[in-house]
Amino acid sequence: MSENNGMRDVFDAIADPTRRRLIRLLAEAEEIPLHELTAQFEMGRTAVSKHLTILKEAGLVLDRKVGRETRYRLNAAPLREIQDWVAFYSKFWGANMLRLQQLLEEEEE
């Protein structure tokens, strides 16, 4: 579903609750070091790093080295694909609810 050639699918990347929480944490800060992200979870640094790697492969996370520390930040642009998908179905359900309402009103008459 992703248009990113050779990259992980954005939908796959956000399917996991831990990765969605990482995205939220990154959205609330400009940049966060790995040790601060790890402190937010009941899992080790390696597990958090694996989740960040998946988000990075989907283009959702950017990282940079500062000395021995790796800092992460959100790249929200790939989330546009999800927003567009949800918007399509919002219109779909809105139109169907309108038709259902019209049918119910016709039955009442």
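- To the nearest 0.5 Å, atoms OG1 (Thr18) and CD1 (Ile23) are separated by 11.0 Å.
- The hydrophobic cluster containing Leu62 does not contain Ile32, counting ILVMFWY residues as joined when their side-chain heavy atoms lie under 4.5 angstrom apart, directly or transitively.
- No continuous path of hydrophobic side-chain contacts links Phe11 to Ile54 [ILVMFWY only; heavy atoms under 4.5 Å].
- Checking side-chain atoms of Arg20 against main-chain N and O of Ala15 turns up a donor-acceptor pair under 3.5 Å.
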Worked verdict on His51 versus Phe41 for side-chain contact (heavy atoms from CB on, under 4.5 Å): CA-CA 12 Å; His51 284 291; Phe41 297 90; over 6 Å; no
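- Counting heavy atoms of neighbouring residues, nucleotides and ligands inside a 6.0 Å radius, atom CZ of Arg71 exceeds 12 of them.
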Stepwise side-chain contact (heavy atoms from CB on, under 4.5 Å) test for Leu52 and Asp63: CA-CA 9 Å; Leu52 287 165; Asp63 66 349; over 6 Å; no
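- Each of Ile14, Asp16, Val10, Asp9 was checked for a side chain to side chain contact (heavy atoms under 4.5 Å, CB included) with Asp12, and the lone residue meeting it is Asp9.
- When every heavy atom of Leu55 is checked against every heavy atom of Ala13, the shortest pair comes out as CD2-O, 3.9 Å.
- Aromatic pair Trp93/Tyr89: ring centres not closer than 6.0 Å.
- Counting non-hydrogen atoms of neighbouring residues, nucleotides and ligands closer than 6.0 angstrom, the CD atom of Glu28 exceeds 12 such neighbours.
- For the atom pair CZ of Arg8 and OG1 of Thr53, the computed distance is 9.0 Å after rounding to the nearest 0.5 Å.
- The CD atom of Glu69 sits 9.0 Å away from atom CZ of Arg64, with the distance rounded to the nearest 0.5 Å.
- Under the 4.5 Å side-chain heavy-atom criterion for grouping Ile, Leu, Val, Met, Phe, Trp and Tyr, Leu26 is not connected to Val66 through any hydrophobic cluster.
- Annotation for Arg21: atom CZ counts as buried by contact number, over 12 foreign heavy atoms lying within 6.0 Å.
- The environment of Arg80 atom CZ is sparse: at most 12 non-hydrogen atoms of other residues, nucleotides or ligands sit within 6.0 angstrom.
- Val61 approaches Lys56 most closely through the heavy-atom pair O-CG, 3.3 Å.
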Full working for side-chain contact (heavy atoms from CB on, under 4.5 Å) between Arg19 and Leu60: CA-CA 10 Å; Arg19 292 192 290 270; Leu60 290 164; over 6 Å; no
Worked check of side-chain hydrogen bond (donor to acceptor under 3.5 Å, both in side chains) between Glu36 and Gln40: CA-CA 7 Å; Glu36 286 183 28; Gln40 302 294 317; over 6 Å; no
